[in-house]
Amino acid sequence: MSSLLKKSEAKLGLKLVAPAVGIIALLVIYPIAFNVYLSFFDVQLNGQKTFVGFENYSNLLCNPRYYHSVGVSVVYLIGTVAGTTILGLAAAILMNQDFRLRNLARGLILLPYFAPVISVVFGWQFIFDPVNGIYNHMVVDVLGLTDTRDNLIGNPDSALFVVIVFDIWKHFPIAYLLFLAKLQSVPKDLYEAAAIDGQNAWGRFWHVTLPELRFVIATVVLLRVIWNLNRFEDVYLLAPNVETLPIFTYYQAFAGLVDQGIAAAISVIQLLVLVGLIWLYVRKVLKW
């Protein structure tokens, strides 16, 4: 009797998860498989496809623009991941202290993360506008640091710096939330014991706070790398001249000399990198 009950429960479980599995297969697995399929073809705008094997990959690996986008992505990843982690940790430590209006301050810190991307992008573009922007007004007219007004977003080199700062400002609250949640669970007895042992504020941070936050720090760093490797809307809306890998892929697929086979090949390589990062996160951080 119990065996029949287990079989019926198993069938019921399969029926319950079948819709979710079908949706995942339709919206995730099929596009990935079709993208891998396209990477082996020369795709024309009229829909015609010619099988070229690994030619798209060989052409991509001989393209200097691809390596430039990889370099830009590496700089973007290092800057944004380090910045969001450090700023999020500093904000969490500060917000973990007792002071007046602490709850209000905790809520205000979250505003950049929840603000609509399109609205804050327009705000940042106005800040760095070479004619009427606040940045050039302060640097040129108020402080007199230079006589020329710079278009920081128009210049790809400086635009990368602006994009990195924007991403840090926009996304550090999620790191702050994770760090703060962990800090609130750290026993105060550990800090008191460290203080009795003669540890100053830096010693308590190094010997108590950091060891307690190692798992969360690893989680934040790996998740930020995975997310930012796919980051498109923030970069493209603010400074489309900053060619990270997602931006480069978009230009190959939909702008200029369209080559969707090359774009598919870029996506496949990027997918393999992401799979490796996810595997690292699951095995080393989650320890599954």
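No donor-acceptor pair closer than 3.5 Å links the side chain of N59 to the backbone N or O of I262. The main-chain N or O of A82 is never found under 3.5 Å from a side-chain atom of T85 such that the two would form a donor-acceptor pair. With N241 contributing its side chain and G154 its backbone, the two residues share a donor-acceptor pair below 3.5 Å. Judged by distance alone, with hydrogens and angles left aside, the side-chain atoms of Q97 form no donor-acceptor pair with the main-chain N or O of R102 at under 3.5 Å. Side chain of S73 to main chain of T244: no donor-acceptor pair is present (N/O by atom type, distance under 3.5 Å, no hydrogens or angles).
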Taking distance alone, no hydrogens or angles, what donor-acceptor pairs closer than 3.5 Å link side-chain atoms of residues 160-173 to residues at least two apart or in another chain?
| residue | atom | partner | partner atom | Å |
| --- | --- | --- | --- | --- |
| D167 | OD1 | R224 | NH2 | 2.8 |
| D167 | OD1 | N228 | ND2 | 3.3 |
| D167 | OD2 | Y76 | OH | 3.1 |
| K170 | NZ | P112 | O | 3.0 |
| K170 | NZ | Y113 | O | 3.0 |
| K170 | NZ | A115 | O | 3.3 |
| H171 | NE2 | D234 | OD2 | 2.8 |

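Annotation for F179 and G88: closest pair CD1-C, 3.7 Å, computed over non-hydrogen atoms. Nearest heavy-atom pair, A263 versus Q252, reported as atom, atom and distance to 0.1 Å: CB-CB, 4.0 Å. In this structure, P130 and N136 approach most closely via the heavy-atom pair CA-ND2, 3.5 Å. Listed here is the closest heavy atom pair of S267 and N35: CB-ND2, 3.3 Å. Listed here is the closest heavy atom pair of N56 and S39: ND2-O, 2.9 Å. Of all non-hydrogen atoms in L229 and L77, the two that sit nearest each other are N-CD2, 3.7 Å.
Atom CD in Q125 sits 12.5 Å away from atom CG in L152 (nearest 0.5 Å). Taking CG from L178 and CZ from F215, the interatomic distance works out to 10.0 Å, rounded to the nearest 0.5 Å. Distance CZ/F254 to CD/Q260: 5.5 Å, rounded to 0.5 Å. Taking CG of L101 as the reference point, atom CG of L108 lies at 9.5 Å (rounded to 0.5 Å). Note that the CG atom of L110 and the OH atom of Y176 stand 5.5 Å from one another [nearest 0.5 Å].
Residues L183 and M95 form no side-chain contact, since every pair of their non-hydrogen atoms from C-beta on lies 4.5 Å or further apart. Using a 4.5 Å heavy-atom threshold, the side chains of D150 and N155 count as separate. Put simply, the side chain of I266 reaches to within 4.5 Å of the side chain of L245, judged on heavy atoms. In this structure, F248 and H68 have side chains that are not in contact, with every pair of non-hydrogen atoms separated by 4.5 Å or more. In this structure the side chain of V140 never reaches within 4.5 angstrom of the side chain of T148, judged on heavy atoms. For the pair F205/L89, a side-chain contact is recorded, criterion being any heavy-atom separation below 4.5 Å from C-beta on. Put simply, the side chain of L210 reaches to within 4.5 Å of the side chain of I217, judged on heavy atoms. Proximity of R65 to E243: side-chain heavy atoms (C-beta onward) are separated by under 4.5 Å at one or more points.
In this pair, Y37 and F41 present their aromatic rings tilted. The plane angle is within the 30 to 60° band. Below 30°, between 30° and 60°, or above 60°: for F54 and Y57 the angle between ring planes is between 30° and 60°, a tilted geometry.
Residues V225 and I278 share a single hydrophobic cluster, defined by chaining ILVMFWY side chains whose heavy atoms lie under 4.5 Å apart. In the hydrophobic clustering of ILVMFWY residues, with side-chain heavy atoms under 4.5 Å counting as a link, V43 and F51 come out together. Using a 4.5 Å cut-off between side-chain heavy atoms of Ile, Leu, Val, Met, Phe, Trp and Tyr, with links allowed through other members, Y250 and I118 fall into the same hydrophobic cluster. No continuous path of ILVMFWY side-chain contacts below 4.5 Å connects L111 to L177, so the two sit in separate hydrophobic clusters. Hydrophobic clustering (side-chain heavy atoms under 4.5 Å, transitive across Ile, Leu, Val, Met, Phe, Trp, Tyr) keeps I127 apart from V131.
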Quiz item: So E212 and R214, salt bridge (charged side-chain N to carboxylate O under 4.0 Å, His left out) or not? Walk me through it.
Solution: CA-CA 6 Å; E212 291 291 330; R214 281 178 181 171; over 6 Å; no
Exercise. List the steps and the verdict of side-chain contact (heavy atoms from CB on, under 4.5 Å) for K49 and L38.
Key: CA-CA 8 Å; K49 296 184 289 291; L38 284 183; 3.6 Å; yes
Exercise. Using the side-chain contact (heavy atoms from CB on, under 4.5 Å) rule, take N132 and H137 through it: C-alpha gap first, then chi angles, then the decisive distance, then the call.
Key: CA-CA 7 Å; N132 301 312; H137 173 70; over 6 Å; no
Practice problem: Check the pair Y67 / L61 against side-chain contact (heavy atoms from CB on, under 4.5 Å), numbers first and verdict last. | Solution: CA-CA 8 Å; Y67 291 103; L61 296 177; 3.8 Å; yes
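Under the side-chain contact (heavy atoms from CB on, under 4.5 Å) test applied with Y135, the options F128, F126, W124 reduce to a single match, F128.
Considering only residues two or more places apart in sequence or on other chains, W206 meets the ring pair (Phe, Tyr, Trp, His ring centres under 6.0 Å) condition with W202.
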